[in-house]
Amino acid sequence: MLRPIPAGDHIPASDLLEGLNEKQREAVATTDGPLLIIAGAGSGKTRVLTYRIAYLLRMGVHPSHVLALTFTNRAAQEMKERIGHLVGDGIARGIWAGTFHSLFARILRKEAERIGYTNAFTIYDTDDQLSAIKAVMTQLGVSQQVLPPTGVRSRISGYKNNMTPWQEAARNADTLVDKQTAQIYEEYEKRLRQSNAMDFDDLLLNMIRLLEHHPDALAEYQARFKYIMVDEYQDTNRVQYRAVNLLAGALRNLCVVGDDAQSIYRWRGADIRNILDFERDYTDAKVVRLEQNYRSTKMILAAADSVIKNNVKQLKKTLWTDNDEGEKITLLACRDDREEAELVARTIKDRMQLHGYTFKDVAVLYRTNAQSQALEDALRRLNMPYHIVSGVSFYKRKEVKDTLAYLRLLVNQNDTESLLRIINEPARGIGATSLERLQERAVAEGRPLIEVLQSPLAMSIVQKRTQVAVADFVDIVNRYREMVDDLPPATLAQQYIEATGLPQMYKLQDTEDSLDRWNNIERVLSHIYEQQELDETLTLATYLEQIALLSDADDPQIGSNRVGLMTMHAAKGLEFPLVVIAGLEQGLFPLAKAETDINEQEEERRLFYVGITRARKELVLAYAERRYRFGELVFGRPSMFLAEIDKSAFAEMPDRSGKQIAGSRPITDKVAIRGIDSKRPSKAAEKEALSHARFQPPTWKVAKPRGSHNEYAQESGDSYSQVEDGGRVLPGQRVKHPMFGVGTVTGVSGVGTQAKATVLFQNGEKKNLMLAYAKLELIS
DNA sequence: AGAGCGTCGCTTTTT
DNA sequence: GCGACGCTCT
C-alpha cells in the first residue's frame, strides 16, 4: 500500500480528496488493483482522472511510472496542465500522457530494430495507405473498378483491428472478393515492411508484437508503467485492449474510465466489449459509477436522457443533477440550409446579448464537415469570429503533402509512397510507365525502389533520358541525406526543399493559386523553424511524427475567443454554455444508412447524446426542410431524434423582430420565417475568407504588433484583413523574418489578406511575402 | 512525357 | 460543386 509523502509546497494528498463527492473520492483513492469507472457525461471524469494522478504522485509514485492514455493529444496536454496546477509543473511533465498512437510511436521509435524496422520508420496516413493499396492492386492486376481501393482499405483496417493476420484472412476467404482482398492485404503488409513504414493500426499492433515476442521488453514496460489509466475507454478497440492488458499484466494497477452511452467510434473498430469484458477479465475489479452531472441544467439532462433511453443496448445508469432547471430548448425550423445558418448565427448573437456569453462560450455542432460552409458564411456576414476545428486540412493540401513527402524521403529513403509521390513533382520527365516498370523490378528483386533507382543494371530497362533524370533526382536526396546530422532540421529542410525546385515551380507559375501554394510551402518551412525554436532536440523525424499524429481536436485555437464550429465527433470531451446542433434531418442526422440498420441508428443516437451533453446552460436545435447536398437541392424531414425529446422541453421563442422563430407545435409543422437578409457574398470573397479560416495550421501563430487590432480579427471575414494591412508596412520599412533575417521593404501590393510586400533581405535575396502569413517583425 | 479535357464520386465520423 | 483521376491527343 502507498503512504503519503510530505507535500512540500503543494496540496497534501488528503486535501486532494476534499471537494469531491463520495463516488469521486472513492475513484481517486482506489490506487491499487483494477478499477472501472463508469462516468456519465459531465460527471467530473476529467477531474477524477487528474486528481487521481495527482493523488498517486502525492503518495510517492514517481511520475515516470504513470501512464495516461487519452483519445487526443489535446486531452493529454490539458490533463498534464491540470495535474501541474495540483502538484507542480515539473512533476507533471514527467508522466507519460498521450494518445495510444503517439506514445506507442515514441516507444516503437526506440525499439524499432527488435521488430524489424529502423528507427527512421515513417507513419503512413490514410492517403498513403490508399496509394500503397492502389499500387499493390496494379501489381496484382486487380481492377480498381471492380474492387474499390477505399473499400479494401477499410477491410484491411478491420482485419488489423481484430488482430487477424493476412494468413488467416486468406484461409477464411470464401468469395473471390475475399480472396483478392486477402491477397492485397498480404502484399500491402509486405510493401509497408519494405518501405519501413507503419500505418495507424500498425502503431498499435507492433506494440503488441514487441511485448509478446520480447519478454524482456514486456517486463521492462510493465515495470515502468506501474499505474495505467485509460480515458474514453468505450472508444478503444480490441488491439488497444490487448496492449493495455499486456502492459498492466503484472501489477494490475489499471484504471479505465468510460461511458458506453458515449461510444461513437464503432466504425473505427471501437468495441463495447472492452467495457463489458473488463469485469470478466478482472474479476476483482472495483466498479465506481459517477452519476451526478455537474455540467448541465436539468432541462438539458432530461432531453439527453429521453433520447438515449431509446437505445436498447446500454448499461443501466441514472444521471442526475443538482443544477438549475435551466432554459428550455430552442428549436429552429428553417426552410433551407442558408436560412438555418442565418438563424443559428442570429440566435447565437441574441443569446450572447441576453445571457452575456462570449464567442468562445458557443459551439455549433453538426454531423458532417460539409455543413460548415453555410454556417461560416452566415457567421461571417454577421461579423462574428469563428474557428473550425479541423486543423488537419492544411496538411491535406497537395503542395504541403508534397513538401512533407520530400522530407519523409530524406529521413527514410525506403519510403516508397513518398518517393513515388514526388519523384516527378515538379515534372522531371520521369513518367508513369517507367516508374511502373521500375516498381515491378523492385518487387521482383525484393528490394526497395530507391535501391533499384541507384542500380545501373536495373535502370537499363528505361530510356537513357529517364536514367539521367532519375540520377539527378537521387543526387539531390543523397546530397542532403548526408547533411541530416550536421545541420539543424529547419535549415536543412529549407535548403533541401529549395533544391528540389518545388517552391520555384509554383512561384514561376505566378498565378493567384500557385503563389498561394508557394506560400504554403514557406509556411511549412517556417513551422519547422518555430518548432525547432521551441524544442532544441527536434529532428526531422520527430517533427514528421508530430504532424502525422495530429488530430482535428488538437487545434490549439480551441481556447481562443471564437465560436467553435465542429463535428460532434470533434466535440467529444468539450463543453460549452451554449450549444447549437444543426442539420437535424432524416438522412443527415441520423445518416441514411442508419435508417435500416439498428446498430448504426443506435450509434447515431449516442452521437446525438454526446452533442446534447456538451451543453451547460442552453441548447439550440435546428433543421432545414431543404438542403443543398452535392450541389443539389434535397428535401428532408425532421430527424426522428427530435420527436424523442418531450415537446414540453421546447420553448416558444419570438425573435427580436417579434416574429416566431420556432414553436412547441409538432415539429413536422412547417414554420416559415421571413425577412432574413440573404445576400450572398461574392464567390471570390467567399473563397478567400474560407481559405484563411481553414488553412491555419495548428500551433501556428500569426505574429502581429501587440494590441493593434481586436483579438478575434484573425480569421473572421472582413476583420481578418486588418491583421496586417499594407498600411503599416511601407517601402523603406526595415523588417525581420524568422527565417530570412533582416531586410528592407522595397514594395507593397494588394490589400487585405492579399497584401504582399517585396523584401530585400541582407543576404541579397528578394522575397515576395504575403503579409497575412509571413511573420514579419517591424524594426526601426 | 505531358497537357488538357471529361467523368466520376464524393460527405460520416478520424488516430 | 469541386477535386482527383483517367483518357486522349500532341
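By convention in this document, chain letters (A, B, ...) are assigned in the order of the sequence lines, proteins followed by strands, and residues within each chain are numbered from 1.
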Out of [options], which nucleotide sits closest to the side chain of [X]?
| X | options | result |
| --- | --- | --- |
| A/W267 | C/dG6, B/dT13, B/dT11 | B/dT13 |
| A/H569 | B/dT13, B/dT15, B/dA1 | B/dT13 |
| A/R367 | B/dT13, B/dA1, B/dT15 | B/dT13 |
| A/A427 | B/dG2, C/dG6, B/dA1 | B/dG2 |

Could you state the atom-to-atom distance from [atom1] of [X] to [atom2] of [N] in whole Å?
| X | N | atom1 | atom2 | answer |
| --- | --- | --- | --- | --- |
| A/L435 | B/dA1 | CG | P | 9 Å |
| A/I547 | B/dT15 | CD1 | P | 13 Å |
| A/R153 | B/dT13 | CZ | C1' | 13 Å |
| A/R397 | C/dG3 | CZ | P | 9 Å |
| A/E436 | B/dA1 | CD | P | 12 Å |
| A/E632 | B/dT11 | CD | P | 16 Å |
| A/K398 | C/dC5 | NZ | C1' | 13 Å |
| A/Y233 | B/dT15 | OH | P | 21 Å |

For [X], answer base if it contacts any base atom (sugar-phosphate contacts may also be present), sugar-phosphate if it contacts only those atoms, and nothing otherwise; contact means non-hydrogen atoms under 4.0 Å.
| X | answer |
| --- | --- |
| A/N424 | sugar-phosphate |
| A/F589 | nothing |
| A/T126 | base |

Do any side-chain nitrogens or oxygens of [X] fall under 4.0 Å of OP1 or OP2 in [N]?
| X | N | result |
| --- | --- | --- |
| A/T567 | B/dT14 | yes |
| A/N237 | B/dT15 | no |
| A/T72 | B/dT15 | no |
| A/T433 | B/dA1 | yes |
| A/K134 | C/dC5 | yes |
| A/N369 | B/dT14 | yes |

Item to complete: Specify the residue among A/E603 and A/G431 whose closest nucleotide of DNA chain B lies further upstream toward the 5′ end.
Response: A/G431
Discussion item. In this structure, is the centre-to-centre distance between the rings of A/Y124 and A/F200 below 6.0 Å?
Written reply: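 Not under 6.0 Å, so no.
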Worksheet item: Should the pair A/E340-A/R627 be classified as a salt bridge under the 4.0 Å nitrogen-to-oxygen rule?
Response: yes
Worksheet item: Does the pair A/K160/A/D202 count as a salt bridge with the N-to-O cut at 4.0 Å?
Response: yes
Discussion item. With side chain to side chain contact (heavy atoms under 4.5 Å, CB included) as the test, pick out the partner of A/E585 among A/F635, A/Y623, A/F641.
Written reply: A/Y623
Practice prompt. Determine, step by step, whether A/Q234 and A/D260 satisfy the side-chain hydrogen bond (donor to acceptor under 3.5 Å, both in side chains) criterion, reporting the C-alpha distance in whole Å, the side-chain angles of both residues, the deciding distance to 0.1 Å, and the verdict.
Written response: CA-CA 6 Å; A/Q234 74 282 354; A/D260 63 301; over 6 Å; no
Fill in: Partner nucleotide of C/dG6 by Watson-Crick or wobble geometry (both distances under 3.5 Å)
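For C/dG6, the partner nucleotide comes out as B/dC5, under the 3.5 Å rule.
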Worksheet item: What's the verdict on ring pair (Phe, Tyr, Trp, His ring centres under 6.0 Å) for A/F71 and A/Y265, showing C-alpha distance, side-chain angles and the deciding distance?
Response: CA-CA 11 Å; A/F71 201 72; A/Y265 283 95; 4.8 Å; yes
Discussion item. Using only modelled atom types and a 3.5 angstrom limit, is any donor from either the side chain of A/R268 or the base of B/dT13 paired with an acceptor on the other?
Written reply: no
